[in-house]
Amino acid sequence: MSVRVRFAPSPTGFLHIGGARTALFNWLYARHMGGTFVLRIEDTDTARNTQAAVEVIINGLRWLGLEWDEGPTTGDPDGPRKGGHGPYFQSRRGEIYKKRVQELVDKGLAYSSEGAVKFRMTREPITIPDLVVGNVTRVLTDREEIDPDFVLVRSDGQPVFHLVNVIDDLEMGITHVIRGEDHLANTAKHLALFRAFGAEPPKYAHIPLILNSDGSKMSKRDQGASLMTYNDEGYAPEAVLNYLVLLGWSPKGNREVMPAKEIVEMFDLPQILRHNARFDMNKLQWVNWEYLKTMAPERFVELGTAALQRAGVSLEGYTPAYILAALSTAKEKFKTFADLKPFVDFYFQKEVEIPAELAAKQFTAESRPRLARLRAAYAELAAFDHASVEKTLKSVATELGVKAGVLVHPVRVACTGKEIGPSLYHLMEVLGKTEVLRRIDRANA
RNA sequence: GACCCUAUGGUCUAGCGGUUAGGACACCACCCUUUCACGGUGGUAGCUCGGGUUCGAUUCCCGAUAGGGUCGCCA
């Protein structure tokens, strides 16, 4: 039988990083097994569901590169979808639930109570066979001991999570439920429900949770809890995916940085760790940086351009070749695209602003004549590539009897308005002779 | 309160009875260097505790402790 897994988020208005990892593990398993990855929207709590909230989930999954085989393709519950097991919005599956509840009532396994429908839960311990944790035997807690039965349908007619979750997994032919460990204890209820329906339950794999760096539970409000903040903060989705899979899973041979394609090949359920992991921003940053270093130039420019736009840097009027060359000089200078702007903004400014403090420091009575001498040498250069520019600067320095650094700093400030930035020689090559001379003249006026 | 899961440096992890306990991030020092970075070399730091089992426990069992989860007409 072919593997069918699902990611079944509730549209709360954002995609939790832990939820994203759950989706990732499901997706990986589906791809690894050549199975089907289903997206199902658990929107039974109508009060807090909107189309926009569903779109957040859809956009988040697509951003990570987790395309699903079945499910909605837009946030519209009545909109287009793919796959033959729909609808994929629980809010559109009311008839199915109604029929199933009636089935339980007819069997005497469910009953009405104060307007709600409750399930006659077994009082016997239930053993959950879990692919990650092993066999887990759940007995009733003291509170459950008093009344083990639980609500299936609210008095307002809305079915609750446990019910719809089980029915959908059943109707959609889900073979493996890969979900957060926070559902482990609840699985006893789900198993009892499957038994009540006379159906074979799927295999379960409860994966550990992601905690804050201080070990506390990561909730909505915590820093970095929302997947899309990583986009805002300049992380490449491929790096986020790679980092996420490392939380609770690790391949053989001390491998860490590897493309999704390779992860898919190696990924499997039994290797998943059993303990929670803390989210380590430093490590994510490092992974991101590893991706930046080896990233194809086009991709680098694509992500860099988007980041600059977010940061308010306009690239209008500059050629793609210029932008590519400019951004390339900043490669390996920063770890996330959020830090790109200060390294390249001067490329896209007509008049570079030089802070008075820097000007006073670099353009002194002593340095100005040297700068003028260098400017004169540059003016005569035929080829303005980084090698020639460097060679010229160094020979002028020798001629003036100073170290290269003495010329480098004023020129850098003249060209960029900053003391730090890309390799001076390379950035001058990109700026071009005319512009470099113009900037030196302006600074040294 | 009850029940469940978990426990290797600060963090992510390898390990599955005998290892100088391996790797990565972070951190520190030095070197390199046109800035900032990179890179190179070296370094600090770990099996939660207590009982067992065993010739021998990081590894197996029990307990304690700690962290996380669940017990809802939320999902």
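Fair warning: this is a prediction, and the values are worked out from it, not measured in the lab. All values below were derived from every heavy atom in this structure, side-chain atoms included, with hydrogens, water molecules and symmetry-related copies excluded. Per chain, numbering begins at 1; letters A, B, ... match sequence-line order.
- In this entry the distance linking CG of A/D169 with P of B/rA75 reads 15 Å, nearest Å.
- Comparing the P positions of B/rC28 and B/rU65 gives an interatomic distance of 38 Å, to the nearest angstrom.
- Aromatic rings from A/F337 and A/F334 are positioned such that their centres are separated by under 6.0 Å.
- Of all nucleotides listed (B/rC25, B/rA37, B/rU6), B/rU6 comes nearest to the side chain of A/R274.
- Across all strands shown, A/E332 has heavy atoms under 4.0 Å from sugar-phosphate atoms exclusively, and none from any base.
- Look at A/E390 and A/K394 and you find a salt bridge, because one of the NZ, NE, NH1 or NH2 atoms lies within 4.0 Å of a carboxylate O, short of that distance.
- When Watson-Crick and G-U wobble pairs are counted only if both distances are under 3.5 Å, B/rU54 pairs with no nucleotide at all.
- Residue A/E42 is classed as a sugar-phosphate contact, given heavy-atom separations below 4.0 Å to backbone atoms only.
- Taking the six-membered ring where the residue is Trp, the centroids of A/H176 and A/F25 are separated by 6.0 Å or more.
- Surrounding NZ of A/K433 are more than 12 heavy atoms belonging to other residues, nucleotides or ligands, all under 6.0 Å away.
- Side-chain atoms of A/D43 and A/S91 form a donor-acceptor pair, as typed in the model, at a separation below 3.5 Å.
- The residue A/P422 sits close to a base: some heavy atom pair falls under 4.0 Å.
- The residue among A/K283 and A/K333 whose nearest nucleotide of RNA chain B lies closer to the 5′ end is A/K283.
- The aromatic rings of A/Y230 and A/F279 sit tilted, their planes meeting at an angle between 30° and 60°.
- B/rA64 and B/rU48 make up a base pair, with Watson-Crick or G-U wobble contacts both under 3.5 Å.
- Rounded to the nearest Å, the gap between the P atom of B/rG43 and that of B/rC25 is 16 Å.
- A/K118 forms no cation-pi arrangement with A/Y111, by the criterion of a distance under 6.0 Å to the ring centre and an angle within 45° of the ring axis.
- Between B/rA29 and B/rA64, the two C1' atoms lie 42 Å apart (nearest whole Å).
- Here B/rU34 presents its P atom at 18 Å from CD of A/E429, a figure rounded to the nearest Å.
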*asked:* Does the protein touch nucleotides 64-73 of chain B at the base, only the backbone, or not at all? Give it as B, S and - per nucleotide, heavy atoms under 4.0 Å.
replied: ---SBSSB-B
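- Shown here, B/rC38 is classed syn by the O4'-C1'-N9-C4 or O4'-C1'-N1-C2 angle, which is within 90° of 0.
- Rounded to a whole angstrom, the distance from the C1' atom of B/rG18 to that of B/rU44 is 28 Å.
- Each of B/rA26, B/rA14, B/rC36 was ranked by its minimum atom distance to the side chain of A/L273; first place goes to B/rA14.
- In this structure, the CD atom of A/E256 is 12 Å from the P atom of B/rG23, given to the nearest Å.
- The six-membered or imidazole ring of A/H409 lies away from that of A/F363, with a centre-to-centre distance of 6.0 Å or more.
- Here B/rU6 presents its C1' atom at 15 Å from CD1 of A/I207, a figure rounded to the nearest Å.
- The interatomic distance linking A/H275 (NE2) with B/rU8 (C1') rounds to 9 Å, in whole Å.
- In this structure, A/G421 and A/S213 both approach RNA chain B, and ranking their closest nucleotides by distance from the 5' end singles out A/S213.
- Atom name C1', nucleotides B/rG39 and B/rC47: the rounded distance is 33 Å, in whole Å.
- With both pairing distances under 3.5 Å, B/rU19 is matched to nothing as a Watson-Crick or G-U wobble pair.
- The phosphate of B/rA75 has neither OP1 nor OP2 within less than 4.0 Å of any side-chain N or O from A/T12.
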_Determine whether A/E103 and A/F197 satisfy the following criterion, side-chain contact (heavy atoms from CB on, under 4.5 Å), listing intermediate values before the conclusion._
CA-CA 8 Å; A/E103 177 187 341; A/F197 286 124; 3.7 Å; yes
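- Remark: P of B/rU33 and NZ of A/K394 are 10 Å apart, rounded to the nearest angstrom.
- Shown here, B/rC30 forms a base pair with B/rG40; the pair counts as Watson-Crick or G-U wobble because both key distances fall under 3.5 Å.
- Among the atoms of the strands shown, only primed sugar atoms or phosphate atoms (P, OP1, OP2) are found under 4.0 Å from some heavy atom of A/L246.
- Between A/Q362 atom CD and B/rU34 atom C1' the separation is 12 Å, expressed in whole Å.
- Checking B/rC12, B/rU13, B/rC38 against every side-chain atom of A/K335, the shortest atom distance belongs to B/rC38.
- Atom name P, nucleotides B/rC61 and B/rC5: the rounded distance is 13 Å, in whole Å.
- Look at the P atom in both B/rG9 and B/rA21: the space between them is 16 Å, to the nearest Å.
- Nucleotides B/rA75 and B/rG69 place their C1' atoms 15 Å apart, quoted to the nearest Å.
- With hydrogens and angles left out, the side chain of A/K252 and the base of B/rA14 share no donor-acceptor pair within 3.5 Å.
- A 3.5 Å limit on both hydrogen-bonding distances identifies no Watson-Crick or G-U partner for B/rG72.
- Ring geometry, A/W249 versus A/F267: the interplanar angle falls from 30° to 60°, so the pair is classed tilted.
- Contacts of A/T137 with the nucleic acid, taken as non-hydrogen atoms under 4.0 Å apart, involve only primed sugar atoms and P, OP1 or OP2.
- Atom CG of A/L152 and atom P of B/rA75 are 12 Å apart (whole Å).
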